[in-house]
Every structure is written in C-alpha cells, then in structure tokens.
Amino acid sequence: MDILQTLSLMVGSSFLSGWSAYATVAFLGLFGWLNWLELPAGMEGITEPWLFGLAFGLYFIEFLADKIPAVDSFWDAVHTFVRIPAGAVIAYAAVGEVSPELKLVSGLLGG
C-alpha cells in the first residue's frame with residue numbers, strides 16, 4: 001500500500017468507527033476476506049470469518065438496541081467510551097509496519 005492508500009484507510013476507518021465500531025470492523029474484515037480491499041499487515045487478523053462474523057453479530061445487536069429508546073440511551077452511554085479507543089486501535093493497525101513514532105501519532109489522530 002502506498003502512503004495515500006494507508007492514510008485514506010487510517011482516517012476513513014477510524015472516523016467510521018465513531019459511528020459504529022462493530023460495522024467498521026465487520027465490513028473491513030469482510031472486504032479484506034473477499035480481497036476487495038487490501039489491508040495492511042496489522043489488520044489482516046480481522047479477515048478471519050469468525051471475527052468479522054462476531055462483529056456483524058454485535059452490529060446487529062447494536063442495530064436492534066438503537067430501536068428501543070431506553071436501551072439506546074444506555075448503549076450510547078457505554079459505547080461513547082468504546083468508540084474512541086476503537087478508532088485509535090483501528091488507525092494504529094492501519095498504518096502497518098512503520099516507526100513507533102508514526103504508530104503513536106496515528107493512534108492519537110484516530111482517537
């Protein structure tokens with residue numbers, strides 16, 4: 001992957017995880033597994049079918065929780081603290097094999 005592809009993947013996926021970390025992991029894993037998207041070495045683990053299947057299951061639960069007002073409020077309150085670190089981890093993994101300083105910067109930008 002060249003630097004523009006890596007930057008696009010890092011920024012786009014970490015931004016999307018702010019809306020739904022589960023959907024981001026699920027679709028990145030599925031697209032990587034189908035070879036529709038080239039993932040860096042740090043993200044190849046999410047192409048395992050059981051992992052992105054689990055992410056799809058959690059996304060489905062999130063979708064259902066969003067339809068019940070009290071559950072939605074509780075879900076959002078808890079996941080406010082999940083989405084930010086998830087975005088940072090995705091951005092960190094998206095930069096692949098780079099210096100530790102760049103990994104730290106990508107994690108900070110992703111969060």
Side-chain angles (χ1 to χ4, degrees):
M1 293 181 76
D2 67 2
I3 190 69
L4 187 57
Q5 289 174 319
T6 302
L7 184 63
S8 298
L9 180 65
M10 181 190 77
V11 172
S13 59
S14 62
F15 176 76
L16 288 175
S17 71
W19 278 322
S20 175
Y22 302 126
T24 302
V25 170
F27 283 105
L28 283 175
L30 177 64
F31 293 165
W33 184 70
L34 294 171
N35 292 319
W36 291 356
L37 180 66
E38 180 185 349
L39 295 175
M43 295 184 79
E44 287 178 351
I46 67 171
T47 61
E48 293 291 328
W50 70 269
L51 188 74
F52 67 79
L54 176 65
F56 270 118
L58 291 169
Y59 176 60
F60 182 70
I61 292 170
E62 180 179 46
F63 177 80
L64 294 177
D66 193 40
K67 306 304 175 219
I68 304 168
V71 175
D72 179 45
S73 296
F74 176 74
W75 186 275
D76 286 340
V78 169
H79 282 83
T80 296
F81 301 103
V82 172
R83 290 180 188 119
I84 293 170
V89 168
I90 289 171
Y92 183 84
V95 294
E97 299 296 323
V98 295
S99 69
E101 295 81 18
L102 188 55
K103 286 261 191 189
L104 178 62
V105 169
S106 70
L108 291 173
L109 291 176

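Residue numbers run from 1 in the order of the sequence given. Just so it is clear, the values below take in all heavy atoms, side chains as well, and ignore hydrogens, waters and symmetry mates.
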Between [atom1] of [X] and [atom2] of [Y], what distance do you get to the nearest 0.5 Å?
| X | Y | atom1 | atom2 | value |
| --- | --- | --- | --- | --- |
| T47 | N35 | OG1 | CG | 9.0 Å |
| W75 | I61 | CH2 | CD1 | 6.0 Å |
| D66 | S73 | CG | OG | 10.0 Å |

Are [X] and [Y] grouped together when hydrophobic residues (ILVMFWY) are joined by side-chain heavy atoms under 4.5 angstrom apart?
| X | Y | answer |
| --- | --- | --- |
| M43 | F56 | yes |
| L34 | L9 | yes |
| V25 | W50 | yes |
| L54 | L28 | no |
| V82 | W19 | no |

May I ask you to decide if the ring planes of F31 and F27 are parallel, tilted or perpendicular, using 30° and 60° as cut-offs?
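Geometry flag for F27 against F31: tilted rings.
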Closest approach of F52 and I46, non-hydrogen atoms and distance?
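Closest heavy-atom pair between F52 and I46: CD2-O, 3.5 Å.
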For atom OH of Y59, is the number of surrounding heavy atoms from other residues, nucleotides or ligands below 6.0 Å larger than 12?
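Open.
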More than 12 foreign heavy atoms under 6.0 Å from CH2 of W33: is that the case here?
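Atom CH2 in W33 is not crowded, with 12 or fewer foreign heavy atoms closer than 6.0 Å.
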Using the side-chain contact (heavy atoms from CB on, under 4.5 Å) rule, pick out the option among E62, H79, R83 that qualifies with S20.
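Only one option passes, and that is E62.
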Answer whether the closest heavy-atom distance between the side chains of V71 and L64 falls below 4.5 Å.
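Sidechains of L64 and V71: no contact.
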